[in-house]
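Worksheet: one structure, shown below.
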Amino acid sequence: MNYLDNLNPAQKAAVLDTEGPVLVLAGAGSGKTRVLTSRIAYLIDEKHVSPDRILAITFTNKAANEMRERLISLVGDSAYVMWISTIHSMCVRILRACADKLDGYDKNFTIYSEVDKEHVIKRIISDLKYEDLPVKEAKYHISNAKNKDISPDRYAIEGANGDRNFDKYVKVYSVYEQTLKKSNAFDFDDLIVKALHLLRSDEDVLSYYADKFLYIHIDEFQDTNSTQYEIAKLLSSVHNNIFVVGDDDQSVYGWRGAEIKNILHFDKDFRTTKVHKLEQNYRSTKKILDLANTIIKNNSVRSKKVLWTDNPDGEKVEYFSGEEESNEAEYVCARIKNLVARGYEYKDFAVLMRINALSRSYEQEFTKYGIPFKVFGGFKFFERKEIKDITAYLRILVNPLDDEAVIRIINTPKRGIGDKTIETLLSYAQSYNFSVFDALCEVDMIPDLAPSARSRLKEFRTCISSLTMLSATSESLTDLINEVLVKTAFMSQFEIDTEENVSKRMNVDEFRNSVEEFVKLNPSATLEDYLSSVTLSSDIDEADSSDYVTVATIHAVKGLEFKCVFIVGLDEKIFPVSRANNELSEMEEERRLMYVAITRAQERLYLTRARSRYLYGERQGTVQSRFVKELSEKLGLPDDRPQRNSYENDVYRSYRSNDYDSAPRSTVSFGGSVSSFAKSYTSRSNAKVGKAPSSFEAYKPGKRVRHAKFGVGTIIQIKGSGQNTIADIAFKGVGVKSFSLAIAPMELLD
DNA sequence: GTGGGAGACATTTTT
DNA sequence: TGTCTCCCAC
């Protein structure tokens, strides 16, 4: 078998060890995905295991799709019937098949996203008159309890933590549970917990699945929580063939209930476990791996292993400290442009950050420099208001008990149903234990409603009923959505041509495209299937192979690799994040995250920070991240330099245009012109202390310029003003490019 | 019931 | 900075 020939002895041993519990401790870049796919192929090819009796759990949908693709190329189309998915998708599949065996639920349940969840909690808090209760905390308590499978009653006793509001949180949790049940809805945590309950409580269900899956595989095992682990134990209880792969050093989901002890103590739970260690890294250069090992050494809780590689030494890892976040981003742009000119493609680059909020300066600078990019993490497409609103209509058609969806769109688009009317409707529903939709069906019975409100509610009900009829008869999902848009006059909200409305209309269009795409790929899929896939999709799943720079949080790129990686925002309070200061375990998770970030890089690695940032509406000085300090010897940075944290100092220093904390100046070139880079510092700082920014009035359409890289060109268009002046310039043989006049290395000729 | 303006407040990471 | 909530005028 040629797929076995490509494995090293340690990998091969893991692949061939098919029977019983197996734990593979696989360092970053040690080929764990290859081991997983080779093993599954081996089971099918050599052991003649039927593909539908193999289960593989991955961490993202993207990873699942990729694994399926690889397996199709190894074993052919039989890979289609294999269960390869995230644990959440697997649970949905089980629940869609037998949720009706759980008391009070049905197979056409809705999955509530984080946004839905938040709305429900907000409403509960205000109903209970707990006005001051923070929604975020309530969310945390509920999730925390569910991740450990603790009911509200038990949480009241076991979860007590001395918080004076604790009893209120328990009450909110309890009402939340009832509310979701009444709505025939599951949140993300429920998908796992309720599937677990189902497997525990119904012997038929358990024996069906536990018998079905002869071989179970779990990737990224270090990030499973206790309920997920329970499901794995139950599913493997008949055949006992459970194969888990993970790396305790890459456990970065502790905040979501992931238990690092699941992997550290796996062999205690499964007594006959055979352990394999993969310690050879195939991904990164020696210099990059050296940094990774240096960082992770500082953690105390870990199983001892040291990654090594046969790869070449590679390029020196660069460190850059910018004056402000825009300069940090400019540095990244310059590096990318430079490397692209030397043969790299845009898709070889990733800009990784601890928090989503940092992505903005990269969006701006990349746009300015014409660098194609995609931002992952942060606001998801399907969580945008206009998209959530459309899907809410679809949700009602599938599950009329979905109160959250009904409340969401009862007055969207505006149809004159105000808060007062909605409140009356809700309390009527509540008093008879009806769903909101049920209450709508007997509008005439509701007391205290103005005649106008009554007729508007009826109108809304008629609208939904006619859509329900349509959903039963319409030919395709696409037709149905178009009908929804027409019948509800949905687009009328965005008629006026404001910038915002134009973008909303575009989003709706994009949404229709996504539906069409989905229908094409899954011809037999139902509306339920579409809605669950939308809710469960993460945006990294949307990553494709076209040529763009990836801008993402570190969490989002777990499991991926890039030739060149920028780890940006290396400031205290950003990375490590400010809240991590309290506990050692939190700080160690931050450090593991840094380890994950470093080990994404194959060939080149850049670490950057900014000495001041715009945060919370004001500019603040920052302090260099401790992680840079932990690496300073390896990076060749002088140690023990007193740390500055005063913004005043930074402004003063900017006039000296010293771009670096301490790295040698020669490591950077900016589009071939250091002076233009320095110029941008002075002018920006000027703008900030209130002096008039230098203007670029002499740059007008028709005038000619000379650019350091593209040569002579002609200005076509000028946009913006002052420091934000952007020029579109045509170059012979190059085409039209956009530049910021404040930064671009060029001079006016005419 | 709607819409605009003032003021408060926020940023961890995601299936 | 940008989003959300509250309050007031229509």
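These values consider heavy atoms only, across backbone and side chains, with no hydrogens, waters or symmetry-generated copies. Since we're looking at a predicted model, the values are computed, not measured.
- With sequence neighbours left out, the side-chain hydrogen bond (donor to acceptor under 3.5 Å, both in side chains) criterion links A:Lys139 to A:Glu114, A:Glu118.
- Separation of the A:Tyr112 and A:His119 ring centroids does not fall under the 6.0 Å cut-off.
- In this structure, A:Gly617 reaches the bases: a heavy-atom distance under 4.0 Å links it to at least one base atom across the strands shown.
- Counting to the nearest Å, the P atom of C:dT1 and the CG atom of A:Leu358 are 17 Å from each other.
- Under the rule for a ring-ring contact (aromatic ring centres under 6.0 Å, His included), the partners of A:Tyr105 that lie at least two apart in sequence or sit in another chain are A:Phe186.
- Going from the C1' atom of B:dT13 to that of C:dC4 covers 23 Å, rounded to whole Å.
- Using a 4.0 Å heavy-atom cutoff across all strands shown, A:Glu589 reaches no nucleic acid atom at all.
- Under the side-chain hydrogen bond (donor to acceptor under 3.5 Å, both in side chains) criterion, A:Glu137 pairs with no residue, sequence neighbours left out.
- Take A:Ala525 and apply the side chain to side chain contact (heavy atoms under 4.5 Å, CB included) test, not counting sequence neighbours, and it matches A:Phe518, A:Asn522, A:Asp529.
- Nearest-nucleotide assignment on DNA chain B puts the 5′-proximal partner with A:Ile417, out of A:Lys380 and A:Ile417.
- The interatomic distance linking A:Glu618 (CD) with C:dG2 (P) rounds to 16 Å, in whole Å.
- For A:Ser89 and A:Ala357, each mapped to the nucleotide of DNA chain B holding its nearest heavy atom, the one lying further toward the 5' end belongs to A:Ala357.
- You can see that DNA chain B meets the heavy atoms of chain A within a 4.0 Å-exclusive cut from B:dG1 to B:dT15, reading 5' to 3'.
- The side chain to side chain contact (heavy atoms under 4.5 Å, CB included) check on A:Tyr616 picks up A:Gln620, with sequence neighbours excluded.
- Residues that satisfy the side chain to side chain contact (heavy atoms under 4.5 Å, CB included) test with A:Thr535, not counting sequence neighbours, are A:Ile111, A:Ser113, A:Phe188.
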Output a table of nitrogen or oxygen pairs between the protein and nucleotides 5-10 of chain C separated by less than 3.5 Å.
{"unit_1": "C:dT5", "atom_1": "OP1", "unit_2": "A:Lys122", "atom_2": "NZ", "d": "3.4"}

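- Partners of A:Glu259 under the side-chain hydrogen bond (donor to acceptor under 3.5 Å, both in side chains) rule, at least two apart in sequence or in another chain, are A:Lys261.
- A heavy atom closer than 4.0 Å to some atom of DNA chain B occurs in A:Asn411, A:Lys414, these being the qualifying members of residues 406-414 of chain A.
- As judged by a 4.0 angstrom heavy-atom cut-off over every strand, A:Lys558 is placed among residues making no nucleic acid contact.
- Residue-level contact check: A:Thr535 touches neither bases nor backbone, having no heavy atom under 4.0 Å from any strand.
- Residues satisfying the side chain to side chain contact (heavy atoms under 4.5 Å, CB included) criterion with A:Thr599, sequence neighbours excluded, are A:Ala28, A:Ala292, A:Tyr595.
- Aromatic ring centres of A:Tyr169 and A:Tyr176 lie farther apart than the 6.0 Å criterion allows.
- With sequence neighbours excluded, the residues that form a side-chain hydrogen bond (donor to acceptor under 3.5 Å, both in side chains) with A:Arg96 are A:Ser532.
- If you check every strand for non-hydrogen atoms under 4.0 Å, A:Asn356 touches sugar and phosphate atoms only.
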